[in-house]
Undergrad: 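Quick one: the structure is below, questions incoming.
Values below: all heavy atoms of this structure, side chains included; hydrogens, waters and symmetry mates excluded.
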Amino acid sequence: PDPFASGLAVLAFPAAAQDLAAIDAKQVASLRNAGLLIDTRAGCRMPLWCVKWLAERLDPEQRAEAHRRAFAMLNGNAARAAVRRGDNEALLQARLLHARLAADRSAFSTAAQQLMDYYRRHRRASALLEVFGRVDFREIDEVWQVAAGWAYLATGCPDKARDWLEEVD
């Protein structure tokens, strides 16, 4: 299957039309003309029947590449602006999912920190800890160890909080 179309098939959040066009404007136009790319107020998606048909045909290597493409689709100028605004949890979760399934450690680390920042700002300690538990703390900023310590305190786990806070230099 076509890598661009495969990326759309696994896309966990609608992509901005301008971000897709920046990747491959001809492909976007072709898919749109064929009815395989639908514009919605939330962004661009593939019809469900097409998603199912394409996704079933991906082998593990193609699936990982599709998730790399999907992450790129959610990493264009419009998506990064939405990430900077920090007001869309679903976008942040989708970026983390695609980075993980693409096995892209750098993208995963970045996406995890962005999602943890969202949870920290919204005072969602348990959600922050759930994401923190999936990352290699050596690959993220030290500030997240402190944030995890405070989140453990907020969730009633003072021993774990102390352990993380003592880890910080």
Side-chain angles (χ1 to χ4, degrees), residues 1-136 139-141 144:
D2 173 73
F4 188 85
S6 297
L8 283 171
V10 300
L11 196 60
F13 188 85
Q18 71 188 60
D19 289 347
L20 295 178
I23 295 170
D24 191 339
K26 284 177 112 176
Q27 180 79 335
V28 169
S30 175
L31 289 169
R32 192 175 277 133
N33 290 338
L36 301 178
L37 184 63
I38 300 169
D39 292 292
T40 70
R41 281 186 285 170
C44 297
R45 304 271 329 189
M46 217 175 220
L48 189 56
W49 68 267
C50 190
V51 167
K52 184 174 173 14
W53 184 86
L54 263 173
E56 287 175 348
R57 285 157 178 74
L58 298 175
D59 64 34
E61 190 174 303
Q62 291 170 324
R63 188 172 304 281
E65 176 59 27
H67 285 287
R68 275 188 283 286
R69 290 286 183 141
F71 184 85
M73 293 170 182
L74 299 179
N75 199 40
N77 290 335
R80 285 195 313 269
V83 168
R84 281 190 299 277
R85 283 191 308 275
D87 58 0
N88 198 323
E89 179 182 5
L91 170 61
L92 296 169
Q93 288 176 338
R95 287 170 50 84
L96 184 65
L97 171 78
H98 292 307
R100 181 178 60 82
L101 294 175
D104 184 332
R105 291 170 59 138
S106 176
F108 184 78
S109 173
T110 299
Q113 290 176 83
Q114 292 165 339
L115 186 56
M116 287 189 295
D117 183 54
Y118 175 88
Y119 291 141
R120 179 177 56 186
R121 285 183 291 106
H122 288 86
R123 300 182 189 276
R124 294 178 53 196
S126 293
L128 185 147
L129 290 172
E130 192 275 324
V131 176
F132 184 78
R134 290 191 270 159
V135 298
D136 181 345
E139 293 183 5
I140 60 175
D141 293 337
W144 296 111

Undergrad: Hey, could you give me the CG/CE distance between Leu92 and Met116, rounded to the nearest 0.5 Å?
TA: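 Rounded to the nearest 0.5 Å, the CG-CE separation comes to 11.5 Å.
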Undergrad: Are side-chain heavy atoms of Leu20 and Phe4 found at a separation under 4.5 Å?
TA: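 Yes, their side chains come closer than 4.5 Å.
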Undergrad: Judged by atom type as modelled, is there a donor-acceptor pair below 3.5 Å linking the side chain of Glu130 to the main-chain atoms of Ser126?
TA: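 Here the side-chain-to-backbone pair does not exist.
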Undergrad: Would you say His98's side chain and Ala12's backbone share a donor-acceptor pair under 3.5 angstrom?
TA: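 Yes.
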Undergrad: Judged by atom type as modelled, is there a donor-acceptor pair below 3.5 Å linking the side chain of Asn75 to the main-chain atoms of Arg80?
TA: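 Side chain of Asn75 to backbone of Arg80: no pair is present.
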Undergrad: Going through the distances and angles, do Gln114 and Thr110 end up as a side chain to side chain donor-acceptor pair (under 3.5 Å)?
TA: CA-CA 6 Å; Gln114 292 165 339; Thr110 299; over 6 Å; no
Undergrad: Minimum heavy-atom separation for Gly35 to Pro47, with atom names?
TA: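 Nearest pair, atom of Gly35 first, then Pro47: O-CG, 3.4 Å.
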Undergrad: Would you mind reporting whether Gln93 and Leu97 have side-chain heavy atoms less than 4.5 Å apart?
TA: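 Counting from C-beta outward, Leu97 and Gln93 never come under 4.5 Å.
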Undergrad: Looking at Arg45 and Ile38, would you say the former's side chain and the latter's main chain have a donor-acceptor pair under 3.5 Å?
TA: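 Not at all, since once roles are kept as given, no pair shorter than 3.5 Å links the two residues.
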Undergrad: Kindly say whether Ala29 contributes a backbone atom to a donor-acceptor pair with the side chain of Asn33 at under 3.5 angstrom?
TA: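 At least one qualifying donor-acceptor pair exists.
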Undergrad: Test your reading of the model: is there a side-chain donor-acceptor pair from Arg63 to the backbone of Ala55, 3.5 Å cut-off?
TA: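 Checking the backbone N and O of Ala55 against the side chain of Arg63, a donor-acceptor pair under 3.5 Å is found.
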Undergrad: Stepwise, does the side-chain contact (heavy atoms from CB on, under 4.5 Å) test hold for Tyr118 with Arg124?
TA: CA-CA 9 Å; Tyr118 175 88; Arg124 294 178 53 196; 3.8 Å; yes
Undergrad: Can you see which heavy atom on Leu36 is nearest to which on Met46, and at what distance?
TA: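 For Leu36 versus Met46, the nearest heavy atoms are O-CG, 3.0 Å.
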Undergrad: Which heavy atom of Arg32 sits nearest to which heavy atom of Cys44, and what is that distance?
TA: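 Shortest heavy-atom contact: NH2-SG, 3.8 Å.
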Undergrad: Just by distance, do the side chain of Arg95 and the backbone of Leu74 share a donor-acceptor pair under 3.5 Å?
TA: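 Indeed, once roles are kept as given, a pair shorter than 3.5 Å links the two residues.
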Undergrad: Can you see which heavy atom on Ala82 is nearest to which on Leu91, and at what distance?
TA: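 For Ala82 versus Leu91, the nearest heavy atoms are CB-CD2, 3.6 Å.
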Undergrad: Return the CG to CD distance between Leu58 and Glu56, rounded to the nearest 0.5 Å.
TA: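 Output value for this atom pair is 10.0 Å.
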Undergrad: What heavy-atom pair brings Ala70 and Val10 nearest, and what distance separates the two atoms?
TA: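 Closest heavy-atom pair between Ala70 and Val10: CB-CG2, 3.9 Å.
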Undergrad: Please answer whether the main-chain N or O of Asp59 pairs with a side-chain N or O of Gln62 as donor and acceptor at a distance below 3.5 Å.
TA: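 Confirmed, Gln62 side chain pairs with Asp59 backbone.
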Undergrad: For a quick test of reading the model, state the closest non-hydrogen atom pair linking Gln27 to Ala5 and the distance between them.
TA: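 Shortest heavy-atom separation between Gln27 and Ala5 comes out as NE2-N, 4.2 Å.
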Undergrad: Mark yes or no for whether Arg134, through its side chain, and Arg100, through its backbone, hold a donor-acceptor pair below 3.5 Å.
TA: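 No; judged by distance alone, with no hydrogens or angles, the pair does not exist.
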Undergrad: Without swapping roles, check the side chain of Arg69 against the backbone of Glu65 for a donor-acceptor pair under 3.5 Å.
TA: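 Flag not set: sc Arg69 to bb Glu65 has no pair under 3.5 Å.
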Undergrad: Evaluate side-chain contact (heavy atoms from CB on, under 4.5 Å) for Trp144 paired with Asp117, printing each intermediate quantity in order.
TA: CA-CA 9 Å; Trp144 296 111; Asp117 183 54; 3.7 Å; yes
Undergrad: Checking side-chain contact (heavy atoms from CB on, under 4.5 Å) for the pair Tyr119/Val131: CA distance, chi angles, key distance, verdict?
TA: CA-CA 9 Å; Tyr119 291 141; Val131 176; 3.8 Å; yes
